[in-house]
Amino acid sequence: MKIIYTIQELQTELSSYKQNHQKVGFVPTMGALHEGHASLMKKSVADNDITVASVFVNPTQFNDQNDLLKYPRTLEADCKLLELCGVDLVFAPNVDEMYPEPDKRQFNYAPLDTVMEGKHRPGHFNGVCQIVSRLFDAVNPDRAYFGEKDFQQLAIIREMVRDMNYPIEIVGCPIVREMDGLALSSRNARLSADERENALNISQTLFKSCTFAANHSVAETKEMVIGAIASSPGLEVEYFEIVDGNTLQEVNSWEESTYIVGCITVFCGDVRLIDNIRYK
Ligand code: PAF
């Protein structure tokens, strides 16, 4: 496995694969890798001739500077995991390499990017589209892999790929959970033992809500989830929305769509956790 720091080096490495029409898989990350990322890497390694993983903490997608400063940076450990997963190239550029000049582009994918995370983290998805499009331009992959835990991000990236006509297949991969149900996240490392215990109520309530939804309305299911999590110790719900899985717009009844997902963001102490569950 090679670690590469510049776009030029990366393109030189990839040129022989491209010339031979070999398939390039790409997994963009911000590092602090865990088994959720490993599942994306393994899928890419199985599907493609070569897999490139990027590790880059993208400053333009953080609307909270404190969050950016606190974001864990663990390149050495990340590379060990990437090597075990069979990744061929790690692209780990610095900020100047990715943004030699400030990126002034504005990506507007309303209404996908104006709800949920888009409403609570203004500018976040603009930053995500800025970096993902730059990475796509640098890697020029055949397939790119994203986790369904960031459900809204995946929908927006699919839209950006359509809008910009990238010839890239976007592959969404299921959420990976701890044995007890907590969705894996780089932010889990910041939870104290007590917070880790409290955080478990998020996934447990979402799982319960699937059975509850079978004989309750959308509004009742929403109320149950928000009530149960808000009354759990140490948790504060930022939002819980039950949406159409394609349009991300709220639904009022279970009959409104054939694809319905509940998306939640919860503060556990000062750690912001997201999760989601598919109802149908
Ligand atoms: O999901 C992430 O880790 C990031 O948003 C991404 C896609 C790597 C862009 O920085």
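The model shown is predicted, which means the values in this text are computed figures rather than measured ones. All ligand and atom numbering here is 1-based and tracks the order in the structure. The analysis underlying the following values was restricted to heavy atoms, covering all of them including side chains, and did not include hydrogens, waters or symmetry mates.
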With distance as the sole criterion, is a donor-acceptor pair present between the side chains of Y259 and N246 under 3.5 Å?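 Not at all, the side chains of Y259 and N246 share no donor-acceptor pair under 3.5 Å.
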Do T60 and N58 get their side chains close enough for a donor-acceptor pair, meaning under 3.5 Å?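 There is such a pair (donor and acceptor under 3.5 Å, judged by atom type) between the side chains of T60 and N58.
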For ligand 1, find each of its N or O atoms that sits under 3.5 Å from a protein N or O atom, and tabulate the pairs with distances to one decimal place.
{"from": "ligand 1", "atom 1": "1 (O)", "to": "Q153", "atom 2": "NE2", "distance (Å)": "2.8"}
{"from": "ligand 1", "atom 1": "5 (O)", "to": "Q61", "atom 2": "NE2", "distance (Å)": "2.9"}
{"from": "ligand 1", "atom 1": "5 (O)", "to": "Q153", "atom 2": "OE1", "distance (Å)": "2.7"}
{"from": "ligand 1", "atom 1": "10 (O)", "to": "Q61", "atom 2": "OE1", "distance (Å)": "2.6"}

Pair listing, salt bridge (Lys or Arg N to Asp or Glu O under 4.0 Å) test, anchored in residues 214-241, at least two apart: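 Qualifying pairs: K222-E250, E238-R272.
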Report the relative orientation of the aromatic rings in Y109 and F107; use parallel for angles under 30°, tilted for 30 to 60°, perpendicular for over 60°.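 If you compare the ring of Y109 with that of F107, the planes turn out tilted.
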Excluding sequence neighbours, so at least two apart, what forms salt bridge (charged side-chain N to carboxylate O under 4.0 Å, His left out) with E148?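 With neighbours one apart ignored, the set is empty.
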Partners meeting side chain to side chain contact (heavy atoms under 4.5 Å, CB included) with V271 (sequence neighbours left out):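 Side chain to side chain contact (heavy atoms under 4.5 Å, CB included) check on V271 returns R187, R190, L191, L273.
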